[in-house]
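Read the structure below first, then the notes.
Basis for what follows: all heavy atoms, side chains included, without hydrogens, waters or symmetry-related copies.
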Amino acid sequence: MNIDSILTTITPALIAFALYAITKQFPPSLDNSFLSKAPAWWSRDQETWDKAYEFLAKKYLQYALVLLVICIGSSFIDWEYNIAIGYVMLVIFMILAAYQQRAFMQDSVK
């Protein structure tokens with residue numbers, strides 16, 4: 001197995017780690033943030049929103065680690081759909097993380 005096929009197989013996990021790093025390092029804020037500016041209504045419950053964003057970053061990290069294990073494990077199987085499975089799992093994990101963040105916010109915001 002060469003380095004190109006290994007890198008191609010673990011690319012979904014690398015994308016997940018990049019998403020985690022961006023979420024963790026550049027959270028939205030009420031002032032001018034580097035990547036995103038929080039809406040004005042965010043200020044009503046700034047602490048809860050910040051906790052939810054940290055929760056989202058934590059979920060991204062957890063799912064990135066799981067996806068890395070899945071991608072590395074699938075690289076040992078000689079099957080033509082390894083990469084597609086990694087990308088499908090990436091989308092599923094990101095949707096699941098967003099759903100869990102929404103559930104966290106419904107429990108936290110009154």
Side-chain angles (χ1 to χ4, degrees):
M1 185 170 258
N2 58 14
I3 191 73
D4 293 339
S5 64
I6 293 171
L7 189 59
T8 303
T9 305
I10 66 168
T11 298
L14 297 176
I15 292 171
F17 279 114
L19 186 59
Y20 160 72
I22 290 169
T23 305
K24 182 72 173 169
Q25 297 301 319
F26 304 108
S29 65
L30 294 172
D31 55 345
N32 288 331
S33 178
F34 179 67
L35 290 178
S36 62
K37 186 172 182 341
W41 49 264
W42 189 298
S43 64
R44 288 184 285 176
D45 198 0
Q46 179 74 38
E47 183 178 338
T48 304
W49 284 102
D50 289 342
K51 285 180 185 177
Y53 213 74
E54 288 177 25
F55 178 80
L56 180 64
K58 183 176 79 169
K59 288 296 178 184
Y60 280 164
L61 178 62
Q62 290 171 351
Y63 292 140
L65 291 171
V66 170
L67 188 58
L68 181 65
V69 169
I70 290 170
C71 289
I72 289 173
S74 71
S75 68
F76 292 109
I77 300 170
D78 190 23
W79 194 40
E80 58 197 41
Y81 298 110
N82 287 345
I83 301 163
I85 289 173
Y87 282 108
V88 168
M89 294 299 293
L90 173 67
V91 170
I92 289 171
F93 284 152
M94 296 308 108
I95 291 172
L96 183 59
Y99 174 78
Q100 289 173 332
Q101 181 196 24
R102 180 175 289 271
F104 175 82
M105 287 301 293
Q106 283 183 327
D107 293 340
S108 299
V109 176
K110 302 298 177 198

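The hydrophobic cluster containing Val91 does not contain Ile10, counting ILVMFWY residues as joined when their side-chain heavy atoms lie under 4.5 angstrom apart, directly or transitively. Note on Leu90 and Trp79: same hydrophobic cluster, where clusters join Ile, Leu, Val, Met, Phe, Trp and Tyr whose side-chain heavy atoms are under 4.5 Å apart, directly or indirectly.
When all heavy atoms of Ser5 and Thr9 are compared, the closest pair comes out as O-OG1, 2.6 Å. Across every non-hydrogen atom of Ala97 and Leu56, the tightest pair is O-CD1, 3.7 Å. The two residues Phe17 and Leu61 have their closest heavy-atom pair at CE2-CD1, 3.9 Å. In plain terms, the two heavy atoms of Tyr63 and Gln100 that are nearest each other are OH-OE1, 2.9 Å.
Rounded to the nearest 0.5 angstrom, Lys58 NZ and Lys24 NZ are separated by 10.0 Å. Between the CG atom in Leu19 and the OG1 atom in Thr23 there is a gap of 4.5 Å [rounded to 0.5 Å]. Rounding to the nearest 0.5 angstrom, the gap separating the CZ atom in Phe26 from the OH atom in Tyr53 is 11.0 Å. Summarising the geometry, atom OG belonging to Ser74 is positioned 9.0 Å from atom CG belonging to Leu67; distances are rounded to the nearest 0.5 Å. The line from OG1 of Thr8 to CD1 of Ile3 is 9.5 Å long, rounded to the nearest 0.5 Å. Here CE of Met89 is found 9.5 Å from CG of Leu96. Values are rounded to the nearest 0.5 Å.
Put simply, the side chain of Phe93 reaches to within 4.5 Å of the side chain of Ile70, judged on heavy atoms. When side chains are defined from C-beta on, Thr11 does not count as touching Ile83, because their heavy atoms never get closer than 4.5 Å. Residues Leu65 and Val69 form no side-chain contact, since every pair of their non-hydrogen atoms from C-beta on lies 4.5 Å or further apart.
The 12-atom threshold is not exceeded at OH of Tyr99, counting heavy atoms of other residues, nucleotides or ligands nearer than 6.0 Å.
Between Tyr20 and Tyr60, a ring centre-to-centre spacing not shorter than 6.0 Å is recorded.
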